[in-house]
Amino acid sequence: MRRGRSRPVAAGPQLRYPPAAFPPMRLSRYFLPLLKETPATAEIVSHQLMLRAGLVRQVAAGIYAWLPLGLKVLQRITDIVRREQERAGAVEMLMPTIQPAELWRESGRYDAYGPEMLRLTDRRGRELLYGPTNEEMVTAIVRDGIRSYRELPLTLFHVQWKFRDEIRPRFGVMRGREFLMKDAYSFDLDEAGARASYEAQFLAYLRTFAAMGLRALPVRAPTGPIGGELSHEFHILADTGESELFYDAAIDEVDLADPDAPQRLRGLYAMEAEEHARAARCPVPAERLARRRGIEVGHIFFFGTKYSAALGLALPGPDGRTITPLCGSYGIGLSRLVGAIIEASHDSAGIVWPDAVAPFDVGLVNLRPDDPVCTALADEVERRLTAAGRSVLHDDRDLRAGEKFASMDLIGLPWMVTVGPKGVAAGVVELKRRATGERHELSVESLLARIGA
RNA sequence: CGGGGAGUGGCGCAGUCCGGUAGCGCAUCUGCUUUGGGAGCAGAGGGUCGCAGGUUCGAAUCCUGUCUCCCCGACCA
């Protein structure tokens with residue numbers, strides 16, 4: 001191809017992009033290594049199920065490969081987070097995993113961070129690190145890219161892998177060394193603006209977790225000298241959660257659709273057990289004090305000029321005086337969320353994915369792939385569900401019914417559609433809801449009416 | 001990093017104390033019979049026992065070193 005001269009792309013059917021929104025996936029061609037037995041190294045249920053359901057494979061302590069099915073979940077979670085971040089006015093970018101040590105010397109954190117930071121040296125002897133977070137970098141980028149106070153406020157976010165060399169990684173992806181995180185950073189001219197940016201993220205978090213079908217509790221987190229009351233952790237409630245939470249049961253009554261829900265939630269008591277014990281007195285009457293376990297999946301906080309001052313981010317304000325922007329950062333542990341969701345939603349047979357984050361909407365089981373009539377019907381169901389916008393994982397393998405059902409239960413897709421010899425003559429298939437176990441025999445038309453939109 | 005435990009076919013384990021040339025279940029492959037909730041029978045393949053030294057006629061087994069993984073604790077999204 002010659003350079004410097006554009007030529008029109010030849011139009012032709014072979015260049016047209018296929019229109020299917022969700023190409024169906026055949027299990028016979030997929031990579032889904034399921035384990036019948038529980039690996040001895042996995043202690044908690046989410047880790048066990050993630051290994052058994054073929055979501056991840058451990059590569060080293062706290063480091064995981066994401067297999068196709070696990071990646072789907074991670075992507076669905078990321079999509080929801082991205083949508084809600086953009087809705088809250090944050091702008092996406094992407095910063096690298098590797099950062100120069102010099103940047104961290106500017107903030108003084110290079111020495112402060114300790115062995116948890118993975119340090120590297122390149123061939124020229126330059127000191128690098130695998131980023132555990134990005135405050136320094138984003139602050140430097142904004143410093144170098146902003147010329148006027150008029151360009152603020154600004155909230156940037158990215159989704160990127162991070163590395164913290166935990167002393168003891170555990171609980172599978174819940175406490176890995178390498179983890180995927182959404183982190184957002186806000187830059188404001190004054191405290192009122194910073195507070196508004198914080199509020200916007202607080203609301204975005206409520207919406208994000210609700211959109212995933214999760215119950216998330218905002219918990220007041222201890223702050224440093226600058227943070228004031230502007231720091232919250234978001235916990236997914238799960239009986240197996242790592243932290244114990246005490247909160248005002250009135251929180252359970254708050255309607256998230258209500259515009260003043262964030263305000264109400266912020267006013268209601270919720271603390272981690274350790275903080276709760278430390279508090280002078282609990283403002284919640286005993287009969288309203290709820291106690292549950294949770295998994296921290298998000299953390300937002302305001303830290304003022306800590307990094308902007310250290311890195312020399314300053315702008316001339318409208319009156320000519322220098323403004324050092326006020327900043328906050330807002331994290332969601334995306335890979336950890338996968339584990340947290342499973343902790344919150346599983347049963348003895350396997351995972352029970354909430355609809356919004358399931359790797360596929362429907363598991364389609366053809367009980368007789370060698371029977372042309374069953375196969376024709378299964379193919380039709382696949383085609384029509386796909387056309388209706390549902391993602392379908394089609395089990396076309398020649399295996400026994402029990403094994404196929406058990407596999408579907410294990411991977412936890414919200415719906416299972418079974419096409420088999422019993423129903424095929426009458427033109428009916430069986431629909432099963434994973435969460436409840438409820439089953440119905442339906443015609444293909446009724447099936448589409450039920451789950452086809 | 002302190003304390004504890006474990007490395008033996010893909011997975012789960014036995015064998016280690018009392019050295020004698022590796023075994024069980026599941027999975028895999030072949031055949032037949034089965035076929036709507038992890039089938040039955042018959043046969044087959046697959047392991048330098050984490051690694052490196054040492055002791056011994058002989059080491060999965062004893063000794064020394066080393067690496068890795070897991071659990072409890074402090075730490076953390």
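Letters A, B, ... are given to chains in the order of the sequence lines, protein chains preceding strands, and every chain is numbered from 1. From a predicted model like this one, the values you see are computed outputs, not experimental measurements. Only this structure's heavy atoms are used, side chains among them; waters, hydrogens and symmetry mates stay out.
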In whole Å, I'd like the distance from the CZ atom of A:Arg439 to the P atom of B:G37. 9 Å
At 4.0 Å (heavy atoms only), tell me whether A:Pro421 reaches a base, stays on the sugar-phosphate, or touches nothing. base
Note: contacts of residues 57-71 of chain A with RNA chain B (heavy atom, under 4.0 Å) are A:Gln58, A:Ala60, A:Ala61
If we take the P atom in both B:C11 and B:C63, what is their distance in whole Å? 28 Å
Expressed as a whole number of angstroms, how long is the span from A:Glu37:CD to B:C26:P? 10 Å
Residues touching RNA chain B, which here means a heavy atom under 4.0 Å, drawn from residues 292-301 of chain A: A:Glu296
Considering only heavy side-chain atoms of A:Ala40, the closest of B:C13, B:A77, B:G38 is B:C13
Within 45 degrees of the axis of the six-membered ring of A:Trp415 and under 6.0 Å from its centre: does A:Arg433 put its NZ or CZ there? yes
For the aromatic rings, using the six-membered ring if either is Trp, is the centroid distance between A:Tyr198 and A:Phe302 under 6.0 Å? no
Nucleotide N/O to protein N/O under 3.5 Å, stretch nucleotides 50-52 of chain B:
none

Separation of A:Asp398 atom CG from B:A39 atom P, in whole Å? 13 Å
From the list A:Gln85, A:His299, A:Glu84, A:His232, side-chain contact (heavy atoms from CB on, under 4.5 Å) partner of A:Tyr205 resolves to A:Gln85
Counting the atoms with a prime plus P, OP1 and OP2 as sugar-phosphate, which does A:Thr418 contact under 4.0 Å by heavy atoms, base, sugar-phosphate, or nothing? base
Taking the C1' atom in each of B:U28 and B:G10, what is the distance between them to the nearest angstrom? 9 Å
Rounded interatomic separation in angstrom, taking CG from A:Leu367 and P from B:G36: 8 Å
Check: A:Ser391 main-chain N/O paired with A:Asp361 side-chain donor or acceptor under 3.5 Å: yes
side-chain N/O A:Arg400 vs B:A39 OP1/OP2, d < 4.0 Å: yes
Do A:Tyr269 and A:His276 have ring centroids that are under 6.0 Å from one another? yes
Around atom CD of A:Glu191, are there more than 12 heavy atoms of other residues, nucleotides or ligands at under 6.0 Å? no
Using only heavy-atom distances, determine whether the side chains of A:Thr375 and A:Asn366 contain a donor-acceptor pair under 3.5 Å. yes
In this structure, how many angstroms lie between the C1' atom of B:U35 and the CD atom of A:Glu403, rounded? 12 Å
Check every strand shown and say whether A:Gly331 touches a base, only sugar-phosphate, or nothing at a heavy-atom separation below 4.0 Å. nothing
For A:Arg368, which contact category applies under a 4.0 Å heavy-atom criterion: base, sugar-phosphate, or nothing? sugar-phosphate
Crowded around A:Lys72 NZ? As in, over 12 foreign heavy atoms under 6.0 Å? no
If you draw a 6.0 Å radius around CZ in A:Arg105, do more than 12 non-hydrogen atoms from other residues or ligands fall strictly inside? yes
Does the Lys NZ or Arg CZ of A:Arg215 fall within the cation-pi geometry relative to A:Phe209 - under 6.0 Å from the ring centre and within 45° of the axis? no
Whole-Å C1' distance, B:C51 and B:C69: 14 Å
Distance under 6.0 Å and angle within 45° of the ring axis: does A:Arg390 meet both against A:Phe360? no
Could you work out the separation of B:C1 and B:G12 based on their C1' atoms and round it to a whole Å? 32 Å
Side-chain donor-acceptor pair present, A:Glu296, A:His235, cut-off under 3.5 Å: no
Across the strands shown, which category fits A:Ala401 at heavy-atom distances under 4.0 angstrom: base, sugar-phosphate, nothing? sugar-phosphate
Watson-Crick or G-U wobble mate for B:U61, both contacts under 3.5 Å: none
Across every strand shown, the nucleotide meeting Watson-Crick or G-U wobble geometry with B:G12 (both distances under 3.5 Å) is B:C24
Comparing A:Gly176 with A:Thr38, nearest RNA chain B nucleotide closer to 5' gives the residue A:Thr38
Sugar-phosphate only, base, or nothing, as touched by A:Ile167 at under 4.0 Å among non-hydrogen atoms: base
Answer yes or no: does a side-chain N or O of A:Arg168 lie under 4.0 Å from OP1 or OP2 of B:C76? no
Touch check for A:Lys182, heavy atoms < 4.0 angstrom, all strands: base, sugar-phosphate only, or nothing? nothing
Using the C1' atom as the point on both nucleotides, what is the distance between B:C41 and B:G47, in whole Å? 27 Å
Taking the nucleotide of RNA chain B with the nearest heavy atom to each, does A:Gly423 or A:Glu274 sit closer to the 5' end? A:Gly423
A:Asp409 CG to B:G37 C1', in whole Å, measures 8 Å
Can you find an N or O donor on one side and an acceptor on the other, under 3.5 Å apart, linking the side chain of A:Arg175 with the base of B:C76? yes
Quick one: does A:Lys432 reach the base of B:G36 with a side-chain donor-acceptor pair under 3.5 Å? no
Using whole Å, report how far CE of A:Met416 lies from P of B:G38. 13 Å
Quick check for you: to the nearest 0.5 Å, what is the distance between A:Leu313 atom CG and A:Tyr307 atom OH? 14.0 Å
Please determine whether a side-chain nitrogen or oxygen atom of A:Lys36 lies at a distance below 4.0 Å from atom OP1 or OP2 of B:G38. no
So, do A:Phe405 and B:G38 meet the stacking rule of ring centres under 5.5 Å and planes under 30°? no
According to the Watson-Crick and G-U wobble definitions, with both distances under 3.5 Å, which nucleotide is paired to B:A6? B:U68
Consider only side-chain N and O atoms of A:Gln48 and A:Glu43, and report whether a donor and an acceptor are under 3.5 Å apart. no
A:Arg170 has a side chain; which of B:C11, B:C72, B:G38 sits nearest to it? B:C72
Would A:Arg177 and A:Phe163 count as a cation-pi pair here, with the cationic atom under 6.0 angstrom from the ring centre and within 45° of the axis? no
What is the distance from CG of A:Asp370 to C1' of B:U34, rounded to the nearest Å? 13 Å
